[in-house]
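To start, the structure itself, in structure tokens.
Because the structure is predicted, anything quoted here is derived from the model rather than measured. Just so we're on the same page: letters track the sequence lines, and every chain starts at 1.
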Protein chains: 2
Amino acid sequence: MQTGNTAAQATRQIGVRPRVTIADVASDLGVTKSTVSRALNGYPDIAEATRLRVSRAADRLGYRPLAHAQAIRTGRVRSLGLVLQIDNEDSARPFLANFIAGVTQTASEQNWTITIATAETEKGVQDTLSRLVDEHKADGFILPRTLIHDGRVEKLRTQNVPFVMFGRTSDPTGCAWYDIKGEDAMRAAATRLASLGHTRIAHVPGGSQYTYSQLRIEGYREGLEAAGLKFDPNLVGAPALTRKAGDASTRALLELPEPPTAITFAVDRAALGAYRTAEDLNLRIGEEISVIAYDGVPEGAYANPGLTTFAVNSRQAGERLAALLIKRIRGTAPEQLRELAPATLVERGSDRPPRLTPAELAQCLRNQSNL
Amino acid sequence: MQTGNTAAQATRQIGVRPRVTIADVASDLGVTKSTVSRALNGYPDIAEATRLRVSRAADRLGYRPLAHAQAIRTGRVRSLGLVLQIDNEDSARPFLANFIAGVTQTASEQNWTITIATAETEKGVQDTLSRLVDEHKADGFILPRTLIHDGRVEKLRTQNVPFVMFGRTSDPTGCAWYDIKGEDAMRAAATRLASLGHTRIAHVPGGSQYTYSQLRIEGYREGLEAAGLKFDPNLVGAPALTRKAGDASTRALLELPEPPTAITFAVDRAALGAYRTAEDLNLRIGEEISVIAYDGVPEGAYANPGLTTFAVNSRQAGERLAALLIKRIRGTAPEQLRELAPATLVERGSDRPPRLTPAELAQCLRNQSNL
DNA sequence: CCCCTTGCCGAAACCGGTTTCGGAAGTTTG
DNA sequence: CAAACTTCCGAAACCGGTTTCGGCAAGGGG
């Protein structure tokens, strides 16, 4: 009987000394398990003196309740779930470590842990989520990268599983969230560029399926109008999430009859693509063409000139999301669990007054292609 | 009684429909729980026909065993533990996402999950590890970034908790591991540079507390000797893990009376620091100074010229580590769970034949500082 | 002085599984 | 054809906690 053997072996393996259980603590004190349990969990029908005796004995004996043993009765495994979508390429996510660090920090403080899974496709994420819910591997979930129409949200909502989103969604009913005010950042970016003297300011949005993308475009538009500039749909480029796409999108914008002298990017990585465009077209970032982006990826600091960007504190995001989710699991209404935080401007060298007017820039580009 | 309320609330919250338990399946078939359990777990004392009936009924009813309910008897929570050290700054770890993806992929295939925690200091990691072990949040652990003398290893070894290391350690007793042959990579790097015509080849090691660092130095040394070059201790620079440190270390090497025309780096990030040095000193990477590094960070591709490096497949590492750990937990001896994989050379532009001899390079640098 | 609270804790059920033990059939052996 | 094995499954204990229920003793009110 193989199964029996290995299982017995494992139980022997994992602790050298046998675990100290709640029964051990109880018999040590000459009370019952129930008393120990209630004392440790702060029930009101336990005398203060007893509570003290119990908690001291528990400390002395080194008693640690087994989370999964508690779970079977309480229905809580004290674990937060996180299902990440790791796409093939774009997977190098520098934020991830910080984000996870934030989540686990808050979680650890309250003696919770986090359970992580990954999937490659959107459907994969849904399936994984289902599995984790079915097996109750986590008491609730953090949903990163919220989409405008998000299958995960619907699923969890109907199954009544607590969750909190990193980002907002189209139908906020029953949703808790934490988000960065990307719209404010883009508004500030646009007005900042305008006040530097730019009059043709473009925007390269992020993935259109994401909620944030819409918001940032809106912010950009507001910024323009606040500065007295007219919104020109032609100046909203093709969506770009990668260097390559950013390069292409930038190139297309510069081919406009009246090209922009400044571009706001919804995403740092796309902005770094513009550096390549500039190099190719013999333009200088921060001179002929100014750039402000969003995210705060470390590469931005090493670009030349440094990329001016609105950085998000992903560690803090992780911390807050964990805190919100734990509250949600404990029963707080989702409507009371919504937080927005600002992105912080990191000024580097990529945004400066325009060296050329749009017309001059167009001329300059035309000369080049004639060469 | 507040506690009672919220708990009841949670149980109601998490499943809309009540869970289907093993008892439901049993009564549906008119057998006992024990039969269902043994049938589902492949015990040999269940008739094949019964096994079939049971597993079909389980499917039909949508029965999923509760991992933590099983755990209480079996002692297995079906979860792999991972405690990451997230240092303050260097925390931007691009591998992490891929690594985690690898781990979770293998784990998911076998219906395991992974439990992650983070800490900032070495001691914090130890404490967190202790907590997870005490609460038995995981059945075993993956230990990344193995140190030469590693407290985690000792702790887990004495407590008899299964673990597997990413990297090797000084005392391999009872250890299972997966590692990349960094020594081979560095040997290849040195011989490659030698065959390009370099005669003064330096090495900038990684953190001295890490096992890999020693191994890579050794590989570098072997490579030199294989190429008939003498090992010169002066050409082993100061350890560097960051751009900044890499810059400093490179600078120091170039100040030698007979400076190297090529440098091997134990770590990509440090090599990128050399790009800054080169810019400052008016040298061109791949011309006056050649560079080969190790890791395969994405930034290397965007450097100019691209950084030639030995890339590690961190996704695969994650997959293998998870597989090894699961075997380890199931009882395979650690000695049988040791794997090494090669790093793969990514040729870009940073390594080319030397444009100057060491003497000429020294002269060139002297001229500059006179300016 | 008795009855009724109230405070505090023990006994036992319970959560959802796994595992031990034993026994009723069916099968083989002598 | 009885005795001895097998095969297969039910009954019940068990894992380590939590929670319900009830009861005893002390205290308060009439």
Report the nucleotide, chosen from [options], that has the shortest atom-to-atom distance to any side-chain atom of [X].
X        : options                   : result
Ile46(B) : dG17(C), dC9(D), dT19(D)  : dC9(D)
Ile22(B) : dA11(D), dC8(C), dT18(C)  : dT18(C)
Asn41(B) : dC15(D), dT18(C), dG17(D) : dT18(C)
Thr50(B) : dG10(C), dT18(C), dC9(D)  : dC9(D)
Lys33(A) : dC14(D), dA11(D), dG17(D) : dG17(D)
Thr32(A) : dA11(C), dG17(D), dT19(C) : dA11(C)
Pro65(B) : dC9(C), dG17(C), dC9(D)   : dG17(C)
Arg73(A) : dA13(C), dG17(C), dG10(C) : dA13(C)

side-chain hydrogen bond (donor to acceptor under 3.5 Å, both in side chains) filter on Gln336(A), not counting sequence neighbours, yields none
Taking for Arg38(B) and for Leu66(B) the nucleotide of DNA chain C with the nearest heavy atom, the one nearer the 5' end belongs to Leu66(B)
Residues Leu324(B) and Trp177(B): closest non-hydrogen pair is CD1-O, 3.6 Å
Does either side chain, that of Arg78(A) or that of Gln110(A), offer a donor lying less than 3.5 Å from an acceptor on the other one? no
Does dT18(C) have OP1 or OP2 under 4.0 Å away from a side-chain N or O of Thr74(B)?
no
Result for 5'-nearest mapping on DNA chain D, choosing between Ala23(A) and Asp45(A), is Ala23(A)
Regarding Ser37(B), tell me which of base, sugar-phosphate or nothing describes its non-hydrogen contacts under 4.0 Å with the strands shown.
base
| said: What verdict does the side-chain contact (heavy atoms from CB on, under 4.5 Å) test give for Asn111(B) and Arg131(A), after you've listed the backbone C-alpha separation in whole Å, the side-chain angles of each residue and the deciding distance to 0.1 Å? | reply: CA-CA 9 Å; Asn111(B) 242 303; Arg131(A) 185 169 76 82; 2.6 Å; yes
